[in-house]
Amino acid sequence: MSIITITTDFGNSIFSAILNAVILKEYPRANIQIISNNIEKFSIKNAIFYLENSYFYFPENTVHLCVVDPGVGSNRRGLIINTEKYWFVGPDNGVFSFINFNKIKSCYEIIYKPESWSYTFHGRDIFAPVAAKIAKGINVREIGKEIKWEETITSKFKFNSLREVIFIDDFGNIFLDLKYEDLKKIVGNKKFKIIFKEKVFEKLRKFYYEVEKGDLLLLVNSLDYLEIAQREGNAKNVLNAKVGDKYEIKIDESRRSYFKN
Amino acid sequence: MSIITITTDFGNSIFSAILNAVILKEYPRANIQIISNNIEKFSIKNAIFYLENSYFYFPENTVHLCVVDPGVGSNRRGLIINTEKYWFVGPDNGVFSFINFNKIKSCYEIIYKPESWSYTFHGRDIFAPVAAKIAKGINVREIGKEIKWEETITSKFKFNSLREVIFIDDFGNIFLDLKYEDLKKIVGNKKFKIIFKEKVFEKLRKFYYEVEKGDLLLLVNSLDYLEIAQREGNAKNVLNAKVGDKYEIKIDESRRSYFKN
Amino acid sequence: MSIITITTDFGNSIFSAILNAVILKEYPRANIQIISNNIEKFSIKNAIFYLENSYFYFPENTVHLCVVDPGVGSNRRGLIINTEKYWFVGPDNGVFSFINFNKIKSCYEIIYKPESWSYTFHGRDIFAPVAAKIAKGINVREIGKEIKWEETITSKFKFNSLREVIFIDDFGNIFLDLKYEDLKKIVGNKKFKIIFKEKVFEKLRKFYYEVEKGDLLLLVNSLDYLEIAQREGNAKNVLNAKVGDKYEIKIDESRRSYFKN
């Protein structure tokens with residue numbers, strides 16, 4: 001019983017119900033798991049955030065289907081990507097650009113064509129049936145033509161840190177577009193400050209209990225992002241923050257290393 | 001492992017969790033799929049929209065359970081409808097009136113009575129157990145008494161097009177209560193215009209890319225409805241549209257057919 | 001195929017998707033059912049409301065996982081509770097305080113430790129894997145140390161009725177924090193009134209149809225709570241009610257019993 005995950009910007013449940021139905025018609029034993037149907041409309045960046053931070057928790061052989069597809073109806077390519085552990089199915093528009101090139105075993109352009117299809121809902125007509133066929137173990141060459149990774153738009157798609165808020169969770173915790181590993185590369189052996197909305201954060205905390213109730217803090221969160229939070233409060237509301245708000249990193253060249261190693 | 005779909009106006013998840021629980025207690029192998037738990041409260045019309053446009057994508061033998069039930073506690077009948085491919089379970093109030101009479105194999109009044117039941121939650125006490133029993137293959141005559149389709153309120157329920165907006169999706173695309181097939185019947189071999197909020201649409205598009213970014217268009221969408229959309233924008237916001245807003249069809253008797261055949 | 005239910009205050013779907021993924025990695029045949037991912041942030045009381053009113057509808061051996069965990073990162077205990085029919089997994093903070101002591105077979109402190117874990121997401125790192133291990137039938141002593149129920153914070157946690165609104169459903173029905181059984185204990189053989197927002201309710205109804213359309217009423221609802229509702233309307237809006245609003249019970253000592261027995 002293979003798992004298929006779904007990531008879309010459909011919002012309203014009828015469209016995701018239809019995706020699920022189409023999958024189950026093709027492969028009744030599919031175990032469908034929703035990552036999100038509420039990706040910001042047309043936002044490749046938001047889709048990447050959700051997929052990049054969740055795909056690897058799923059069991060091996062999970063098929064990750066993503067339908068955030070502003071180019072539907074144009075001649076953008078459909079992709080099937082096979083990595084060491086997972087399959088990915090969706091448009092060649094960058095939503096899968098987080099995948100580490102070194103882990104890619106093969107990459108296919110979707111050639112599957114249903115008897116009829118719409119101009120505006122390839123999720124239902126193409127991507128969902130393709131994901132179901134892969135989950136049930138079809139020979140991928142029946143529905144895809146192998147291409148080089150370098151040929152894809154996805155492979156050229158790069159999001160560098162724009163020094164902005166990338167996500168705010170429902171607790172009001174503010175995710176900066178910077179992971180801990182990347183921060184280490186940037187600040188090296190120097191002391192640093194993060195400045196957001198005129199608040200200055202000099203310490204990188206491990207958990208909320210390090211500060212007093214109501215205090216703001218900067219921590220490395222459970223998804224390894226730098227996060228600005230308020231203990232037992234809502235940093236988003238306190239700072240009136242929104243996705244896209246800018247922050248600054250200031251490095252103090254004169255002072256000792258923050259990182260011990 | 002049979003599929004049971006759920007369509008309700010419960011909104012809050014605790015009530016749908018209870019439906020799921022009751023189904024799984026009766027039939028632990030049920031594969032439960034949510035069509036929507038956010039039908040507009042008490043709206044038969046909205047329930048029909050969701051069911052009519054999604055039920056047929058599911059595999060054969062799927063049991064479609066609908067609990068939009070403004071008459072709960074009164075003596076309205078509960079129905080089990082068996083069509084060529086599907087089962088439907090819910091109140092006899094019109095939510096299943098979209099079913100094509102010619103496809104109905106048999107129709108039953110629910111006679112199943114649990115040991116005790118509430119006055120306000122027949123979804124939990126009657127409809128969900130009945131759906132689960134059907135999905136697991138019980139003889140339907142143990143829980144239903146065969147009746148004639150013509151005896152049902154459902155069979156007399158008709159929604160003609162009121163020339164109004166029937167649905168707006170999360171992209172702001174505006175669905176008119178008119179399918180392409182019905183438009184063809186209405187305009188015949190004449191040229192026509194659709195007028196909505198003083199905007200006049202003379203062309204029926206196939207996909208968003210036919211117009212410039214930001215332009216409004218009228219197209220036949222993936223569910224075969226006439227839809228007013230804005231390319232890469234949100235027509236709902238631009239036009240300040242809401243469900244129930246009226247539109248007009250104007251037929252130009254003097255001009256050539258829009259439809260080729 | 002065991003069932004695992006999930007009750008959290010995560011809100012955003014990415015975190016619940018991660019919980020699901022972690023469960024499926026440990027136990028691919030788990031049947032995951034969401035009770036709610038929208039518990040009021042940090043609210044033990046709200047978590048209790050959802051769990052207490054839904055857990056018993058699920059089949060025997062269901063594992064109920066709750067991650068409403070304001071104390072994450074502190075040294076609060078993790079619990080596994082085994083009752084006659086169910087398992088419960090979550091923090092020792094009161095979310096399971098509704099469980100009837102007499103039905104508890106055994107109680108364990110979680111000793112399972114993953115290779116690495118975060119300071120802020122024990123749901124993913126500890127509780128979800130533990131729930132999955134129990135669902136797949138691991139010997140609970142490998143992951144838990146038996147403790148006495150009386151040692152737990154949960155056992156000392158008590159919510160008495162505060163005579164306030166505990167929940168409002170999506171129809172605007174107002175749930176008082178009083179179940180029918182408890183009302184009977186309080187009013188005994190006396191006549192009573194419930195006063196809410198200056199409205200006086202003297203009759204306890206069984207269903208909405210007992211009053212006229214648009215009238216307010218007090219009834220015992222399908223979850224056995226006293227509920228203030230408006231027939232075919234929205235009591236919340238009419239009365240401008242919110243969770244936490246107070247109500248009064250007035251007992252008329254001079255008049256005959258409301259309850260027949």
Side-chain angles (χ1 to χ4, degrees), chain A residues 1-4 6 8-34 36-44 46 67-76 93 114 116-129 132 136, chain B residues 1-8 16 29 31-39 46-47 49-62 64 85-86 167-173 175 180 205-211 213 217 219-225 227 229 231-234 237:
Chain A
M1 196 167 79
S2 291
I3 294 165
I4 298 174
I6 293 183
T8 80
D9 57 358
F10 296 165
N12 189 287
S13 64
I14 192 173
F15 303 104
S16 48
I18 291 172
L19 276 201
N20 292 14
V22 165
I23 288 170
L24 291 166
K25 208 175 224 172
E26 179 70 39
Y27 178 43
R29 291 170 59 74
N31 179 352
I32 301 169
Q33 295 291 326
I34 306 300
S36 179
N37 282 311
N38 292 298
I39 298 300
E40 194 186 313
K41 301 300 172 213
F42 312 123
S43 174
I44 311 285
N46 199 225
V67 191
V68 176
D69 191 16
V72 67
S74 72
N75 59 358
R76 66 94 193 85
N93 62 9
S116 70
W117 68 93
S118 69
Y119 296 93
T120 54
F121 198 0
H122 287 189
R124 175 193 64 190
D125 302 330
I126 296 173
F127 295 127
K136 78 175 182 185
Chain B
M1 197 166 79
S2 291
I3 294 165
I4 298 174
T5 76
I6 293 182
T7 304
T8 80
S16 48
R29 291 169 60 73
N31 179 353
I32 300 169
Q33 295 291 326
I34 306 299
I35 290 177
S36 179
N37 282 310
N38 291 297
I39 298 299
N46 198 225
F49 179 82
Y50 275 75
L51 279 164
E52 182 176 12
N53 289 296
S54 62
Y55 82 93
F56 57 88
Y57 292 110
F58 285 89
E60 284 195 33
N61 295 316
T62 293
H64 294 292
K85 294 190 179 172
Y86 300 105
F167 179 72
I168 300 178
D169 72 20
D170 276 42
F171 293 88
N173 297 320
F175 288 48
Y180 181 57
R205 309 290 185 169
K206 282 188 171 168
F207 52 97
Y208 303 119
Y209 280 82
E210 287 183 61
V211 302
K213 188 169 170 173
L217 67 155
L219 85 168
V220 180
N221 71 21
S222 61
L223 303 184
D224 289 323
Y225 282 85
E227 172 188 306
R231 180 176 161 190
E232 292 174 54
N234 186 306
N237 292 348

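Quantities reported herein were computed from a predicted structural model and do not represent experimental measurements. Here is the naming used below: chain letters follow the sequence lines, and residue numbers restart at 1 for every chain.
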What are the two closest heavy atoms between B:Tyr86 and A:Lys25, and how far apart are they? OH-NZ, 4.0 Å
Closest heavy-atom pair, B:Phe58 versus A:Ala17, reported as atoms and distance to 0.1 Å, is CZ-O, 3.7 Å
A:Thr120 side chain reached by B:Leu219 side chain, heavy atoms, under 4.5 Å: yes
Side-chain contact, heavy-atom cut-off 4.5 Å: B:Leu223 with A:Ile18? yes
Interchain contact, [X] with chain A, by part (heavy-atom threshold 4.5 Å):
X	result
B:Phe167	side chain
B:Asn234	neither
B:Ile34	backbone

Please check if the side chain of A:Arg124 supplies one atom and the backbone of B:Ser222 the other of a donor-acceptor pair under 3.5 Å. yes
Enter the distance from B:Asn31:CG to A:Asn20:CG here, rounded to the nearest 0.5 Å. 9.0 Å
So, taking the atom named CD1 in A:Ile14 and the one named CG in B:Asn53, what distance separates them when rounded to the nearest 0.5 Å? 5.0 Å
Under 4.5 Å from any heavy atom of chain B - which part of A:Ser13: both
Could you check whether B:Tyr50 and A:Asn12, counting side-chain N and O atoms only, form a donor-acceptor pair closer than 3.5 Å? yes
What do the steps show when you test B:Phe171 against A:Asp9 for side chain to side chain contact (heavy atoms under 4.5 Å, CB included), and what is the final call? CA-CA 9 Å; B:Phe171 293 88; A:Asp9 57 358; 3.3 Å; yes
